[in-house]
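Counting starts at 1 for both ligands and their atoms, following the listed order. This chain uses plain numbering: 1 for the first residue, then up along the sequence.
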Amino acid sequence: MRPITESSIRGSFVNCSKGEAKRLGVPRDLDEQPWDDLDFLGWRDPGAPERGYLIAERDDGGLVGIALRAAPGAARGFTARSMCSLCLTTHTSGGVALMTARRTGEAGRLGNTVGQYLCTDLACSLYIRGRKQPVMGADFEETLSVDERAARARANVTAFIGKVLE
Ligand SMILES: [Zn+2]
């Protein structure tokens, strides 16, 4: 994706209040993000560990930001494996978390959320490109190329955002 600034990040959120978008913790190292290798920007809030965020580019170049909350508890056994629903990387012991996003519009006001299992660090793009490795290593060989896996992850992000937007 193309490099984006703090103000464009804060202005992109669709499922939290303007006040929340203003206050939430944005990565300090935006200048050093590997933008060419990112299908979307994802991070955990250093000031609020249960919160995470992802910012994706729409086809028209606009940005969509989604605020996420990690579901509490439900720690699985150390050897339990879970798969991220965006990049399909398999992790053990906390490498995948159930993250929920409040839906927009009336559904959100009624408290409806969308939940998906995601890489806990939201670094899907880096796992796809081998810049980051899951703790236990991959347990199945992907037959897709990196480009195909990246395209699949982008399509999965778009589908996830579609469920958040009414
Ligand atoms: Zn992932």
Taking the Zn ion (ligand 1) as the center, what protein N, O or S atoms are found at less than 2.8 Å?
-> C84 SG, C87 SG, C119 SG, C124 SG
Look at the aromatic rings of Y53 and W43 and report parallel, tilted or perpendicular, splitting at 30° and 60°.
-> tilted
Transitively linked via ILVMFWY side-chain contacts under 4.5 Å: L122 with Y117?
-> no
Test item: R131 side-chain N/O and Y127 main-chain N/O as donor-acceptor pair under 3.5 Å = no
Are any of the side-chain heavy atoms of R149 and R154 separated by less than 4.5 Å?
-> no
Could you point out which residue of D45, L68, L24 forms a side-chain contact (heavy atoms from CB on, under 4.5 Å) with R51?
-> D45
For residues 85-108, pull every pair meeting salt bridge (Lys or Arg N to Asp or Glu O under 4.0 Å), keeping only residues two or more places apart or in separate chains.
-> E106-R109
